[in-house]
Amino acid sequence: MTQSWFSVAGLILVSVGLASCAGETRKEAPSALPSGVSLPSSSKPAQPEDEAVHAALAAYELYWQISEQAGRAPRQKDWRPELAKAMADPALTDYVNEVANLVSVPAHTVGRYGRAPKVTSVSLGEPPRVVVTDCLDATDVHLLSDKAQEPGRYLDNPDQPRRYEFEAQMVRYPNPDRWLVQQVQPRLEKPC
């Protein structure tokens, strides 16, 4: 279920369930580290789980950078190629549709989300998957009308929660080797 920008104040809304791959194991992963912070180095080589966590978190950050740029300037260009650097289907197509919705309104987003991402599971099965659970704070994010007769008018839904849980399913793709956001699930009913 994809929800409109009006009902979620510019969030990426894709609600597609993720089926577990047969035979894979899931493991609780360490919390995500703040930007610029890394795990202490040790004489032991990096574990595959640690490598997956770091790569998935880097891809998750890229996802937010590009998706926020697209929301701030939806008419600037065709965003699909840029978004494809951080997303795969179904998240990619759903977000491209959301950008098209912004263009049709017309509107754009302003402000930045407060976030507190943490990795909640890691699976090294085929394909490798990492689940990132975030606490989004949309207090400073608004949907702003671009209609000439409505300069500066906010289109925010007053019933929209401003803080809630957000889950992203990250998948490692082999060719080229990269991590991409495959699915996202805003959990508006779960404040954080």
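These numbers were taken from a predicted model, which means no experiment stands behind them.
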Notebook entry, point to check: Which residue pairs pass the disulfide (SG to SG under 2.5 Å) test with at least one member in residues 49-109, sequence neighbours excluded?
Noted result: none
Check: Is there a side chain to side chain contact (heavy atoms under 4.5 Å, CB included) between Asn97 and Thr93 once you walk through the steps?
Finding: CA-CA 6 Å; Asn97 291 339; Thr93 296; 3.9 Å; yes
Notebook entry, point to check: When rounded to the nearest 0.5 angstrom, what is the spacing between CD in Glu126 and CZ in Arg172?
Noted result: 8.0 Å
Item checked: Partner residues of Arg153 under the salt bridge (Lys or Arg N to Asp or Glu O under 4.0 Å) criterion, sequence neighbours left out -> Glu150
Margin query: List the residues meeting ring-ring contact (aromatic ring centres under 6.0 Å, His included) with Tyr173, not counting sequence neighbours, and say none if there are none.
Written below: none
Next item on the list: Using the side-chain contact (heavy atoms from CB on, under 4.5 Å) rule, pick out the option among Glu98, Gln69, His108 that qualifies with Pro74.
Entry: His108
Next item on the list: Using atom types as modelled and distance alone, determine if a side-chain donor or acceptor of Asp156 lies under 3.5 Å from a backbone N or O of Leu143.
Entry: yes
Next item on the list: State which residues pass salt bridge (Lys or Arg N to Asp or Glu O under 4.0 Å) with Glu68; sequence neighbours excluded, sorted by chain then number.
Entry: Arg112
Next item on the list: Assess whether side chain to side chain contact (heavy atoms under 4.5 Å, CB included) is satisfied between Leu180 and Met87, documenting all intermediate values.
Entry: CA-CA 5 Å; Leu180 299 171; Met87 297 180 205; 5.8 Å; no
Check: Do you know which two heavy atoms are closest between Met170 and Ala56, and how far apart they sit?
Finding: CE-O, 3.4 Å
Notebook entry, point to check: Can you list the residues that meet the side-chain hydrogen bond (donor to acceptor under 3.5 Å, both in side chains) rule with Lys85, with sequence neighbours excluded?
Noted result: Glu82
Next item on the list: Would you please name every residue forming a salt bridge (Lys or Arg N to Asp or Glu O under 4.0 Å) with Asp146, sequence neighbours left out?
Entry: Arg75
Next item on the list: Please collect all disulfide (SG to SG under 2.5 Å) contacts where either partner lies in residues 81-175, sequence neighbours excluded, each pair once.
Entry: Cys135-Cys192
Notebook entry, point to check: Taking only residues two or more places apart in sequence, or in another chain, which ones meet Asp89 in a salt bridge (Lys or Arg N to Asp or Glu O under 4.0 Å)?
Noted result: none
Next item on the list: Could you tell me which non-hydrogen atom of Leu124 sits nearest to which non-hydrogen atom of Ala52, and how far apart they are?
Entry: CD2-CB, 4.1 Å
Notebook entry, point to check: Linking I/L/V/M/F/W/Y whenever their side-chain heavy atoms sit closer than 4.5 Å, directly or via other members, would Leu144 and Leu155 fall into one cluster?
Noted result: no
Item checked: Closest approach of Pro161 to Leu188 (non-hydrogen atoms, all atoms of both residues) -> CG-O, 3.5 Å
Notebook entry, point to check: How is the hydrophobic cluster of Val103 composed, in terms of its other members, when Ile, Leu, Val, Met, Phe, Trp and Tyr link through side-chain heavy atoms under 4.5 Å apart, directly or indirectly?
Noted result: none
Check: Do you know the tightest heavy-atom contact between Tyr95 and Ala70?
Finding: CE2-CB, 4.0 Å
Notebook entry, point to check: Can you tell me if Arg162 uses its side chain to pair, donor with acceptor, with the backbone of Val141 under 3.5 Å?
Noted result: yes
Check: Under the side-chain contact (heavy atoms from CB on, under 4.5 Å) test, which residues partner Asp78, sequence neighbours left out?
Finding: Arg80, Pro81
Next item on the list: Kindly indicate whether the side chain of Gln169, heavy atoms from C-beta on, has any atom under 4.5 Å from the side chain of Val131.
Entry: yes
Checklist line | Donor-acceptor under 3.5 Å (Thr133 side chain, Thr120 main chain) | finding: no
Check: What residues, two or more places apart in sequence or in another chain, satisfy side-chain contact (heavy atoms from CB on, under 4.5 Å) together with Ala55?
Finding: Trp179
Check: So which heavy atom on Ala84 is nearest to which on Leu92, and how close?
Finding: N-CD1, 3.8 Å
Checklist line | Residues in side-chain contact (heavy atoms from CB on, under 4.5 Å) contact with Arg115, at least two apart in sequence or another chain | finding: Tyr60, Glu61, Trp64, Tyr113, Pro117, Asp134, Leu136
